[in-house]
Amino acid sequence: MVFRYVDAKGEASEAANPNGSLQNIAGVCNASGNVVGLMPHPERVSEALLGSEDGKRIFESLI
């Protein structure tokens, strides 16, 4: 698991999990770590115009 749904304090909880995924899992990767699959859509929150820039950090970390 590479991403989890957590609250503002960094704690996984039922309230922080928008889709009820097992163990608050939001992203997984293969054994080599070179393929990642995401449940959330960070591109939908990557610009202030869209209402939030929270997802922007994920893209910036790839650069």
Side-chain angles (χ1 to χ4, degrees):
M1 152 180 50
V2 292
F3 293 104
R4 289 181 103 184
Y5 294 111
V6 297
D7 61 20
K9 295 179 182 178
E11 298 176 16
S13 67
E14 190 173 317
N17 188 342
N19 61 14
S21 65
L22 184 64
Q23 298 177 351
N24 285 41
I25 295 172
V28 296
C29 69
N30 67 349
S32 298
N34 62 345
V35 177
V36 174
L38 292 175
M39 178 67 75
H41 294 273
E43 73 279 4
R44 293 185 183 173
V45 288
S46 59
E47 294 185 31
L49 179 66
L50 299 174
S52 175
E53 292 185 338
D54 290 347
K56 188 175 185 178
R57 292 185 294 173
I58 292 174
F59 295 111
E60 290 175 339
S61 73
L62 297 173
I63 298 174

Problem - Hydrophobic cluster of M39, others only, ordered by chain and residue number, side-chain cut-off 4.5 Å - result: Y5
Problem - Remaining members of hydrophobic cluster (4.5 Å side-chain criterion), I63 - result: none
Completion exercise
Looking only at heavy atoms, the pair that brings V36 and C29 closest together is CG2-CB, 4.1 Å
Practice task
Tell me, yes or no, whether the heavy-atom count around E60 atom CD, taken from other residues, nucleotides or ligands under 6.0 Å, exceeds 12.
Solution key: yes
Problem - Where P42 and I58 come nearest, the two heavy atoms and their spacing - result: CB-CD1, 3.9 Å
Exercise for the section: Please list, chain by chain and in numerical order, all residues satisfying side-chain hydrogen bond (donor to acceptor under 3.5 Å, both in side chains) with S52, sequence neighbours excluded. Expected result: D54
Completion exercise
Heavy-atom closest pair (N17 atom, N24 atom, distance to 0.1 Å) is ND2-OD1, 3.3 Å
Quiz: residues 44-51 side-chain donor-acceptor pairs under 3.5 angstrom, not counting sequence neighbours:
| residue | atom | partner | partner atom | Å |
| --- | --- | --- | --- | --- |
| S46 | OG | E43 | O | 3.1 |

Handout entry: Any residue meeting side chain to side chain contact (heavy atoms under 4.5 Å, CB included) with Q23, in chain and number order, not counting sequence neighbours
Key = R4, I25
Fill in the blank from the handout: S32 meets the side chain to side chain contact (heavy atoms under 4.5 Å, CB included) criterion, sequence neighbours left out, with N30, N34
